[in-house]
Amino acid sequence: MIELLTSSLRLSAPLIFAAMGGLLCERAGVATICLEGVLLISAFTAASVDLLTLNPIASVVAGMFAGSIFMGLHAFLTQKAKTDHIISGVAINILAAGLPPLLSQAWFGSSTNTPSVPTAARLSAAWMIAISLVLPLGIHYLIYRTRFGLRIRSAGDGPEALQTAGVSVEKVRTLALLLGGALTSLGGSYLSIGHSSQFLRDMTAGGGFIALAAVIFGKWRPIPVLFASLFFGFTEALPMILQGISWKGISIPVQWIQTLPYLLTIGILVTTIGSARPPRAIGSNQN
Amino acid sequence: MPKLSWFLYFLALFLNQSVFPQTRQPLKIGLVLDRGGKDDKSFNASAFTGATRAKNELNIHLKVLECSSDSAFVPTIRTFAQHGYDLIIGIGFVQKSAIEAVAKQFPRISFLLIDAPSSLPNVRSVIFQEHEGSYLVGTIAALSSKTKTVGFIGGMDIPLIRRFELGYRTGATAISTQVKTFTHYVGASSEAWRDPSRAKELAMLQFSKGVDVVFCAAGSSCLGVFDAAEEKKKYAIGVDSNQNWVKPGTILTSMVKGVDQAVYESISLKLNGLFSGGTVHMGLKENAISFSIDENNRKILTPEIERQALKIREQILSGTLIVPDFYNLHKSTSTSK
């Protein structure tokens, strides 16, 4: 039971970080399908910098920086160049999937993974999990209690009003994206140097998309999104615990157990979520 | 514009034939790796090593391709065939249907398929006796375990991996009936070969149940298992390549599968015109299955355990000890994969 709980928390942490980053961007009215790419690039950057400096804190900062650059690229493409948000996001995902293997081959002579970071230079997973659980409160405060939060919300729900008030929608959205990128990157760094000890190609295994689903599941509100992320982490952990348990000599086939998370997700989505109303101006470009 | 490119194409052909005549065309070998990629430090890495050795020693032309998804196998293999490659090597059971589809279309080209049987005349398939090696590392695990509890983590739940598991479990319980074994699989799709964080969670779970030696047969996912073992100061057993060096002091031994040997041998057979189709079994006898001992695990694998394992190896070789083979237990399932 304890094992199920800790395992869920360990698997939820990257989802929470990515979901909080995604939530900020989406609330500002930018569709962020590129969370996956930001996770990947920050995971790779953190692992590489950690190998060089052996300093986990510096590596996390470097990872956040890299994530922000990629989200900055998304901001540039969508806000300045007025590209479609989904197309820009897909492009960033492809770039972030391809770049690490190339650089890894050039720097470390191995395209699929970086060398392993020594134990002493790892990020404390426990601390990161603690941060991931507190962070949603901070995001809640930021969005509902600060002026910047108000601007983010109106950039997503009523950009015209923001414009009328003389605030640049592009600027608010760009800031939200940069901050969102940095938050998402905490998840990436956790994956490569907190939970594992190295970067592996495609190690996020779709985590960015699951985080996006958590944002929608939690109806774009920080605290429900936290619980949605925890739920997805739990559905990842549950099949592991159930495997190999047999009752009176009968055990459930592994394949059945592994479809369980998907069935659970569909079941919960259908029964509890109701209508999910996205920020009104999401995906729109202000001209 | 098309005319110009055709002209250039023929010009290039002409120049190629007349201006730079080649005395002897080197044998063209195409290697198609499984999704783990050449740096998985395991299964594919072994195939890549064998092919690279052939390239350096036998003067062949080698091209290596990695497929990013399962649906890319057929086009990749067909491209090799269309470009007149002499021998195309498919690594891993997932390529069986792709290799067979292309092999039917190009009956004059030779194919090598690792880990899955095939009855086509131009396909040579190599099957390793994984159960024998797994039995050996199973005994090593049980002898090294202080808690008398050992674990197995497989990639996908497929007959090939079940064969590892059955051999391992039988080997472990042969040491003492008191030995408990736990088995987990990473996933149900080919993502399972490259999901280290999930594999790590499974290892953590097994350690919490008292497991102190875990055998991992899950491609790159094993790197997560090794991580967990290092953190919790437990032992792990590597697979396919000699992985002892990946985490010295944590990896007790590796069950080495001579994929490199099979690849190298087939290339050299092809070179000498001796290549033939059919299924070849490679095991302890051919030294294609073994457990590794080097300076990285010398300190943790005691000579006493090594001596016992070697004794069991002799028994298997002489036929006095027969290791149960999952393929024989479930004939119908193994041939359908």
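The model shown is predicted, which means the values in this text are computed figures rather than measured ones. Convention: sequence-line order gives letters A, B, ...; per-chain numbering from 1.
- Two residues are said to be in side-chain contact when any heavy atoms from C-beta on lie closer than 4.5 Å; A/S116 and B/K247 meet this criterion.
- For A/T112 (side chain) and B/D39 (main-chain N/O), a donor-acceptor pair under 3.5 Å exists by modelled atom type.
- Between chain B and the options A/T6, A/L4, A/L11, the largest number of non-hydrogen pairs under 4.5 Å is found for A/L11.
- A salt bridge does not link A/E3 with B/K209: none of the charged nitrogens is closer than 4.0 Å to a carboxylate oxygen.
- Between the CD atom in A/Q255 and the CE atom in B/M156 there is a gap of 8.0 Å [rounded to 0.5 Å].
- Both the backbone and the side chain of A/I241 come within less than 4.5 Å of a heavy atom of chain B.
- Interface residue A/T119: only side-chain heavy atoms are found under 4.5 Å from chain B.
- In terms of heavy-atom pairs under 4.5 Å with chain A, the best-connected choice from B/V246, B/D40, B/D195, B/L205 is B/L205.
- Using a 4.5 Å heavy-atom cutoff, the side chains of B/E201 and A/R10 are in contact.
- Comparing B/V186, B/T183, B/D157, B/L202 by how many heavy-atom pairs each has under 4.5 Å with chain A, the most go to B/D157.
- The contact between A/R201 and chain B is made by backbone and side chain atoms together, counting heavy-atom distances below 4.5 Å.
- Around atom NZ of B/K55, no more than 12 heavy atoms belonging to other residues, nucleotides or ligands sit under 6.0 Å away.
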